[in-house]
Amino acid sequence: MEEVFLTIPILLFLFGGIALFALKRKAADALVLIVSGLSLLVDAYGSYKFLVSSKNIEKIVFYKNNVLGQVFGLTVDTASIVMSLLVTITGFLVFLYSAQYMEKSPEESNRKGYLYGWMSIALAASLFSIFSTSLIQTIIGLEVMAVSFSLLVNFYGINKGKGWKLFAVENLAVVLLLIALGYTGKSDLFLMNSLSSHEKILAFISMLFAAFAMSSQFFFYSWLPDSTQAPIPVSTLLHSVTLVSAGVIFFLRMVQLMKLPTEAFNLVWPFTVTMLVLMIIYYPIQSDAKKLIAYSTISQAAVSYTVISYGILGQQVGIQIGFYQMINHIVVKAIAFLSVGFFIYHLGTSDLRKIKGIRTTMPAASVAWFLSFLGLAGVLPLGLFFGKMFTIMSTMHGVGFTTWLIPSIILIDSGVFFVVVLYWFRDIFFGEIKLTEALAKDLAKPAGLMIAVVIVFLVIGSVMPWVSLDMVKRIVFLG
Amino acid sequence: MDFVIYALMAFLAGALMGFLKEYKAVVRASSFLGFIASAFLFFQVVDVYINGALKTNILGIPISIDSLSNLFLLVVSLIGMASSLFSVNYMDYYEKKGKGWVYALTFNTFIMSMAFIVIVNSFEWFVFFWELMTLSSFILVFFSEEKKDIDASLKYYITMHFLNTFPLFLSLGIAYSLVGSFSKLTFPVIAAALAAAPLITKATFTILLLITFMTKAGVAPFHYWLPDAHPAAPSNVSALLSGTMIKVAVYGLVRSVFTIIGPSAILGYTIASLGTITLIVGTLYALRETIGKRLLAYHSVGQMGYIWLGIGIGAALIPKGGVYAAIGALGLFAGLFHVLNHAIFKGSLFLSAGAIIYATGEKDLNNLGGLGRYMKATALAALFASLAISGIPPFNGFLSKWLIYIAGYYSTSLLLAIGAVMAVFISAATLASFMKFYSAPFGGEMPEEKPVKEVPLMMLAGQWLLAGLALLIGVFPRIVVPLVNLPAGAPLKLTLFTYGYSASTFIPLYFAGLIVVLSLATYALLKPRETVKAKPWDCGSTYVEEGEYKVKADGYYLWFEQKIGSFYRFTDWAYSFGYSILKYIVKSYLWIARFFVKIVDTPYTKVESIEEIREHEVMYIDEEVFKPLVRFIKVAGNVLSGVRLGKFIALTVILVVVIGILFALL
């Protein structure tokens, strides 16, 4: 039962987050690093204990109801363990990055406590959802994330509607989950296995669209590109280890636990394929680096949903590869955002049309940008190459024309993104830049800590596909 | 003995040399370690040749070095050694770019990945190293950072992504669906599963792999990237690209046809036909080229045609059995032998071209001349390699080309015989082209008298390692032929002195001796007179500059080029057709994309480029659908100012409602 240690990071992030609101500048940096560092250590210990055991799953119940089943508790399996590790590692590294990044101006530095506080609470909520197989626990986690991120998106006080859009969409997800809860009368996904096929399909539709809303899938997708107006560290968390991934994990749990009828497969792929097609259209017209990453997040999440949905057809490899794709995406996405953070930090813009010659002006950032953006297109050495490779392999489990349609669309999507990135690469990587005195001053700003964080992420991103491949094989049907 | 492990360690050490501070220290140390690693690969080749096939496991990667892998590992090791030696000094040329660590990392990764492609026994690892090879070569192609080189690298990488990565992933998917396991995708297992697969699956698998290997090998019509990318890279890398990388594609072709898919007449004729078309297109385009490295790159396309023709003959005839199988094996052997030979002389030629650039900074043959007097060792190496590629005995190129012709003639197939005849004709064009390549920079006078020095010793060593081999193998083919013939098993007539098939026998040593004797005799009898310098006779013309009397590279075959103008017009039309397709794809995209940006306020706005469309704000479907509702809420909020709630209160109310529902349910 050492897995109960995994509760500690949730509590640390939650109470640490509350305490952070009172702090500013270096004091906020110090506390957030202590909180996230301790969380990482404890989580690593709990995860290690689980991974060395031969258990497939461990359920820790905090509150149970006879009708609803488990309401609050921890469902510890390889999926939640790997995700929680990613949450704590990414959290710690992003806070480390933020300590320097948020020094751009005295105003930002003064508001560090507010920023870290909500980020920390969002991480707690994310962990709370990740370890959940209960609808109620997921709803609470989701609601807290919605509140945190809607406020964080409005951090700079510009275009506040975008934060509220996020809040509205996530609450739509909450409503859909409440409908599923009301319809089934069960909170525990384990218990939903006992529903009739018809009931399962209806509950699934409601929960699927809730998960879609969390991951910026069909139909409400625009909140994610809009949310990139948040500070870079916030966007990094939002796109990697919190809302978007929580939606995917929730969907994985449905497929893993509910033993859905095979017809449910056809409720997933038409929507995810639609999103992929939409993103193919959006990539070339976008010149803002952050929004370009957001489109990529939408398409990568769509790929994960699609591959996991092969689990509905009885292919266990679907949930394994879908998860593998998602965790590799998390790291590459974090690097991509942090690399764009350098542009904003030094040049004050993420508009790729205004950026030139980063090869010489920001060598470290340019390498991170090059590797991560091409990595998002599935290029080596980062893990999405393997994610894409195994994804295409596993899509051969489709039925009828989906066997060729789905891999084709996935490849076209990554191909178009690849071409777009390469053309931006030509324009921003090389080119001439007018080095004015002000620009030279901006470029000389210290960024050592930020660079160190990105290097650590690059190492993780290169090692991750090798280390995690065997781990994901332990993710099995549990229903 | 697993020399590959030592090679891997040396490559890694070479890559890590990037951590050194000084640019020169980085490039020299990493290049030298690249040489050491390639030498270990060479030892591995010798070890396998002596002790037989090797099956092992390195860091979980299944390795199998059979006779076919061994031949291609030999190619990688030889060109790797020569190129690395050459690089020790040559990379000083790029010192101003100041990114030694990029070179150290990518150069070593590039050679290492090629070595692993030809020795892994797993389709997944094959794809992994293939992609690593493409990525590292892409970075090396834009190393100079000149705009046209960057464009060439983009063209290369985009082509590879769509015509290599995608087909490879899809074929991997098919293999997985047949085998049913991620971990058992070895070549023999895939072959067994494919044998029992439906015809449509087998055909799809074959077409996907064929597209992959055609593109990487630069086979027409997918050769368009090659004449841009190979010259764009630094010359030591060009030698690897043309000498080794495109051969790795041939390895993929041979491995997939003979180990996985199985040879068949239709496949063989297809490969041979592609080879014939490619050798014509590549060589005739090379003939009119005046940029030295571009000329060489087009010849890589042309020579690849010879190789595909030989392999096609093998794939078409071997399944027929009997005497046809023997001729097929001969064709396959000749194709494989040309792989090795082409790697050697083309590697040497690119290094020589690099030496010219290093010494003069000039790439255009029109602006070069008279270098023979200053760069004697480079000139002789270039001469040897030029004669070798032109198929002139006693150099190695003759031996492989000659057997491709013989296999074509003996095949009794009209298609294959036409291929062989075309190969002979085109060989003449190759000779013509290399007369230009050699005489334009090394012969005549310099356009402007400039101080030119011979390149440093290490650069000469790189050139001469290969140029010397071109002659050595040409005179003593027995040095390598048994190794090359192991995978093909052709019934060759091979002794220390003779080389041939059936009644067609050639004695290279006698021929070489005869050439030497004739040359000495000619020299003795017709000893050149002392050169007298004189002004050209200009018939009294006063307006022709003296320099204009020199025949420049672009004037060598102008008349011939005009005679076959319709060929160039047709192929140029094919190029423009390809570009038109791309143009229409972009146009169609723009038509769709304009519905996703906010240009409704100016409905007659013309959007003719992606840059223009980016000037407009992006439009999201969900946002547009709900816009009226959002507007209504905003207006309602403003009108009903009395009930206007602070956002915090609104948030709290929603939270309370949600929590209330939850508690109600509990």
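Below, read A as the first sequence line, B as the second, and so on, with proteins coming before strands; counting in each chain starts at 1.
B:F596 has its ring centre less than 6.0 Å from the ring centre of A:Y282. Aromatic rings from B:F129 and B:F116 are positioned such that their centres are separated by under 6.0 Å.
Chain B forms more heavy-atom pairs under 4.5 Å with one residue of A:F425, A:F430, A:W404, A:F418 than with any other, namely A:F418. Among the candidates A:F218, A:F220, A:Y423, the residue making the largest number of heavy-atom pairs closer than 4.5 Å to chain B is A:F220. In terms of non-hydrogen atom pairs under 4.5 Å with chain A, the most contact-rich of B:L154, B:I613, B:I610 is B:L154. For the set A:W223, A:F429, A:F370, A:Y221, the count of heavy-atom pairs under 4.5 angstrom toward chain B peaks at A:Y221. Options A:V419, A:I280, A:L374 differ in how many heavy-atom pairs under 4.5 Å they form with chain B, and the most are formed by A:V419. In terms of heavy-atom pairs under 4.5 Å with chain A, the best-connected choice from B:E145, B:K99, B:E131 is B:E145. Residue with the most contacts toward chain A among B:V618, B:V630, B:L132, B:T165: B:V618 (heavy-atom pairs, distance under 4.5 Å).
Contacts between B:F626 and chain A at a heavy-atom distance below 4.5 Å involve the side chain alone, from C-beta outward. In this structure, no portion of A:L469 lies under 4.5 Å from any heavy atom of chain B. Proximity to chain A is absent for every atom of B:E611, based on heavy atoms less than 4.5 angstrom apart. Within the 4.5 angstrom heavy-atom criterion, only side-chain atoms of A:D226, from C-beta onward, approach chain B. Proximity to chain A is absent for every atom of B:L590, based on heavy atoms less than 4.5 angstrom apart. When heavy atoms are compared at a cutoff of 4.5 Å, A:P284 approaches chain B by way of both its backbone and its side chain. Residue A:V317 touches chain B through its side chain alone, counting heavy-atom pairs closer than 4.5 Å. Looking at A:L135, there are no atoms closer than 4.5 Å to chain B (heavy atoms on both sides), in backbone or side chain. For B:L168, no part sits under 4.5 Å from any heavy atom of chain A, backbone or side chain. Proximity to chain A is limited to the side chain of B:Y589, based on heavy atoms less than 4.5 angstrom apart. The contact between B:F169 and chain A is made by backbone and side chain atoms together, counting heavy-atom distances below 4.5 Å. Contact annotation for B:L172: both backbone and side-chain heavy atoms come within less than 4.5 Å of a heavy atom of chain A. Of the two parts of B:L178, neither the backbone nor the side chain holds a non-hydrogen atom closer than 4.5 Å to a non-hydrogen atom of chain A. Neither the backbone nor the side chain of A:V175 comes within contact range of chain B, judged by heavy atoms closer than 4.5 Å.
Counting only distance, with no hydrogens or angles, the side chain of A:D188 and the backbone of A:G69 share no donor-acceptor pair below 3.5 Å.
Ring orientation note: the planes of B:F123 and B:F126 are tilted relative to one another, at an angle of 30° to 60°. Below 30°, between 30° and 60°, or above 60°: for B:Y103 and B:F143 the angle between ring planes is above 60°, a perpendicular geometry.
Checking B:N164 against B:T212 by side-chain atom types alone, no donor-acceptor pair falls below 3.5 Å.
The pair B:K147-B:D151 meets the salt-bridge criterion, since a charged nitrogen lies less than 4.0 angstrom from a carboxylate oxygen. Between A:D351 and A:R353, at least one side-chain N (NZ, or NE/NH1/NH2) sits under 4.0 Å from a carboxylate O, which counts as a salt bridge. Salt bridge status for B:E608 with B:K587: absent, with no side-chain N to carboxylate O gap under 4.0 Å. Ion pair A:D470/A:K473 flagged as a salt bridge, since at least one NZ, NE, NH1 or NH2 atom sits closer than 4.0 Å to an Asp/Glu carboxylate oxygen.
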Quick one: side chains of residues 379-392 of chain A, donor-acceptor pairs under 3.5 Å with protein atoms, not counting sequence neighbours, listed by atom name and distance.
from	atom 1	to	atom 2	distance (Å)
A:K388	NZ	A:A377	O	2.9
A:K388	NZ	A:S414	OG	3.1
A:T391	OG1	A:G387	O	2.5

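For B:P198, the side chain to side chain contact (heavy atoms under 4.5 Å, CB included) partners at least two apart in sequence or on another chain are B:I200, B:T201.
Put simply, CG on A:N154 and NZ on A:K165 are 12.0 Å apart, with the number rounded to the nearest 0.5 Å.
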